[in-house]
Amino acid sequence: MWAILLGAILVIVGLLYLFREALGGRLSEPYRSLQGNETLEPQGQGIRFLGVSRNWPGLLIIAVGVLLLVFGGYL
């Protein structure tokens, strides 16, 4: 039972870590884009926040949590 609870907690913590990495930049500072109008979009972020290189700790935490959820009944 403890393995299943720990697995669920690890999955939730891993998801929170991924959310924090995705939203880690300051989103409320407007700047002028190349077209001259103001925008709240983070400057130069692109889709780098989805890469494995920045998110591997969260993915690892989720993977360990899933393994504990799947095999927790056997422990």
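Computed from a predicted structure; not experimentally measured.
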Asks: Among I62, L10, I61, which residue satisfies the side-chain contact (heavy atoms from CB on, under 4.5 Å) criterion with L15?
Replies: I62
Asks: Checking side-chain contact (heavy atoms from CB on, under 4.5 Å) against V70, which of V66, L67, L68 comes through?
Replies: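 Going through the options one by one, the only one that passes is V66.
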Asks: How far does CG of N55 sit from CZ of R20, to the nearest 0.5 angstrom?
Replies: 10.0 Å
Asks: What heavy-atom pair brings G72 and A3 nearest, and what distance separates the two atoms?
Replies: CA-CB, 3.8 Å
Asks: Mind listing the closest non-hydrogen atom pair of P57 and Y17 along with its distance?
Replies: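 Where P57 meets Y17 most closely, the heavy atoms are CG-OH, 3.7 Å.
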Asks: Show the nearest heavy-atom pair for residues L69 and I4, with the distance to one decimal.
Replies: CD2-O, 3.4 Å
